[in-house]
Amino acid sequence: MGPSAVIEKEMPQTERPITFLRGSEDGDIRSRFEKMIRKAQDSICESIEAIDKIGKFKEDVWSRPGGGGGISRVLQDGAVWEKVGVNVSIVYGAVPPEANRATKASSSSDQKPVPIRFFAAGISSALHPKNPFAPTLHFNYRYFDTDAPKDVPGAPRQWWFGGGTDLTPAYIFEEDVKHFHSTQKKVCDKFDPAFYPRFKKWCDDYFYIKHRGERRGLGGIFFDDVNDYDQEMLLSFVTECANSVVPAYFPIIEKRKDMPFEEHHKAWQQLRRGRFVEFNLVYDGGTKFGLKSGGRIETVLVSLPLSARWEYDHKPEEGSEEWKLLDACINPREWI
């Protein structure tokens, strides 16, 4: 398949490419993670179309010249959604030294960083609704491993999981934010009561726009390079996290998608989406990795909104609903 080959939506699942993996066994962690993210992509896209009723996903199946490929699904200008991207990617090959933390960590100071073989698989998505009272959602769950560098004696093979789900509203409805965080906590508590407070703070810290002094949104959970637990346990955890996207977010969309709004509400939403863009282009680790490792540009940037706004020196009136949102982004709260 070429990088822009399109598989029509109505094509039966059995006619689609079954796997992008090379030399993996059905029971290994790579294969099982791929099956999980592809199942999650199907179920989440079905839920999105069911709510929108008008919009339909375009699906691109693409290949990466260095190895692997992915499936990108995008819905634009529907009844509910301005833009949604739901991507699955399974890529492998040699990581350039500048894009690989593992190479740097395993190289001594008198050795030059060397390319090493890697495998990376993940599902990532950003959902941008039209209604300014309906929040944007972002989620990403991934697995990454590397072979031991041949030119670095004693270097280990490395692996880790990462990901998270976070909420980016333009307006605060406390019951919505509490529901969202409660769903994340329930999943975390099933595996380790320390997960939610640890990953909630990690999320607040990660989605920090340093040049603005504020967070992108109202958080959720986030973790990266996690390998300090049993691999099977972490696979089960990220599977539960992916399965929690629909119950955490879609009840909120059902409540807010048809609320009446005025032009100034829409303008504020566009300003907050400008913050979303700033974070993704300046700080987001996945975007940086995708660009440095030769990722497909349409897929790397598909999480960006269809439209955004930058208004010079904009400051919301103190005490307004817009000000309350900004204050919560500057001063993260404990929602539950």
Side-chain angles (χ1 to χ4, degrees), residues 32-33 35-53 55 57 73 75 78-88 122-131 133-142 161-200 202-204 207 216-223 233-259 303 333-336:
R32 289 159 59 204
F33 187 83
K35 289 178 181 178
M36 183 277 285
I37 59 179
R38 294 192 62 172
K39 182 178 179 181
Q41 185 186 41
D42 286 341
S43 64
I44 291 168
C45 288
E46 288 172 4
S47 297
I48 291 167
E49 287 190 344
I51 290 179
D52 196 275
K53 296 184 171 60
F57 279 97
R73 294 180 184 167
L75 184 156
V80 173
W81 310 103
E82 181 182 276
K83 182 183 177 186
V84 176
V86 186
N87 295 322
V88 160
I123 181 170
S124 62
S125 178
L127 297 84
H128 299 288
K130 288 186 170 181
N131 194 302
F133 295 124
T136 285
L137 182 82
H138 164 263
F139 69 90
N140 177 300
Y141 292 99
R142 56 194 176 275
F161 288 90
T165 305
D166 63 283
L167 198 68
T168 305
Y171 291 92
I172 296 178
F173 295 91
E174 293 217 7
E175 65 270 31
D176 294 352
V177 186
K178 288 179 179 179
H179 165 78
F180 177 79
H181 278 269
S182 294
T183 306
Q184 306 308 308
K185 185 177 185 299
K186 183 177 180 180
V187 172
C188 289
D189 287 352
K190 184 175 179 180
F191 294 87
D192 189 328
F195 274 4
Y196 175 75
R198 176 187 174 191
F199 296 157
K200 192 268 184 187
W202 202 336
C203 187
D204 289 337
F207 291 103
R216 187 176 77 179
L218 301 185
I221 59 171
F222 177 83
F223 52 94
M233 181 270 229
L234 290 174
L235 176 61
S236 296
F237 174 58
V238 296
T239 300
E240 292 273 355
C241 287
N243 290 340
S244 75
V245 168
V246 170
Y249 179 60
F250 284 73
I252 299 172
I253 290 297
E254 291 283 10
K255 285 196 294 183
R256 307 302 173 193
K257 65 184 177 68
D258 297 318
M259 287 183 64
S303 63
R333 302 180 190 174
E334 297 300 323
W335 296 100
I336 54 175

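For the numbers below, each heavy atom of this structure counts, side chains included, while hydrogens, waters and symmetry mates do not.
Ion pairing between Arg73 and Glu49 fails under the 4.0 Å rule for side-chain N and carboxylate O. Comment: Asp204 engages Lys200 in a salt bridge, judged by a side-chain N to carboxylate O separation of less than 4.0 angstrom.
Here CD1 of Ile172 is found 13.0 Å from CZ of Phe133. Values are rounded to the nearest 0.5 Å. The OH atom of Tyr196 lies 8.0 Å from the SG atom of Cys188; values are rounded to the nearest 0.5 Å. To the nearest 0.5 Å, atom CG of residue Leu137 and atom CD1 of residue Ile44 are 9.0 Å apart. Taking CZ from Arg333 and CG from Leu218, the interatomic distance works out to 8.0 Å, rounded to the nearest 0.5 Å.
Within the 4.5 Å cutoff, the side chain of Asp176 has no heavy atoms near those of the Pro169 side chain. Taking 4.5 Å as the limit, every side-chain heavy atom of Ser182 sits out of range of all side-chain heavy atoms of Trp335. At least one side-chain heavy atom of Glu240 sits less than 4.5 Å from a side-chain heavy atom of Val187. The closest side-chain heavy-atom distance from Met259 to Tyr171 is not below 4.5 Å. Residues His181 and Val177 form a side-chain contact, since some pair of their non-hydrogen atoms from C-beta on lies under 4.5 Å apart.
For Lys257, the NZ atom sits in a packed shell: over 12 heavy atoms of surrounding residues, nucleotides or ligands are nearer than 6.0 Å. Enclosure of atom NZ in Lys255 by more than 12 non-hydrogen atoms of other residues, nucleotides or ligands within 6.0 angstrom is indicated. Residue-environment remark: NZ (Lys83) exceeds the threshold of 12 foreign heavy atoms within 6.0 Å.
Applying ring pair (Phe, Tyr, Trp, His ring centres under 6.0 Å) to Phe222 and the options Tyr141, Phe139, Phe207 leaves one that passes, Phe207.
Applying the side-chain hydrogen bond (donor to acceptor under 3.5 Å, both in side chains) criterion to Ser303, with sequence neighbours excluded, gives Asn280. Here Lys130 pairs with Asp77 under the side-chain hydrogen bond (donor to acceptor under 3.5 Å, both in side chains) rule; sequence neighbours left out. In terms of the ring pair (Phe, Tyr, Trp, His ring centres under 6.0 Å) criterion, residue partners of Phe223 (sequence neighbours excluded) are, by chain and number, Phe199, Phe237. Legend: residues meeting side-chain hydrogen bond (donor to acceptor under 3.5 Å, both in side chains) with Asp166, ordered by chain and number and at least two apart, are His138, Arg216. For Phe250, there are no ring pair (Phe, Tyr, Trp, His ring centres under 6.0 Å) partners, not counting sequence neighbours. Asp192 meets the side-chain hydrogen bond (donor to acceptor under 3.5 Å, both in side chains) test with Tyr229; sequence neighbours excluded.
In terms of modelled atom types and a separation under 3.5 Å, the side chain of His179 and the main chain of Pro247 share a donor-acceptor contact. A donor-acceptor pair under 3.5 Å is absent between the side-chain atoms of Asn140 and the main chain of Ser124, judged by distance alone.
Nearest heavy-atom pair across Gln184 and Thr165 is OE1-CB, 3.8 Å.
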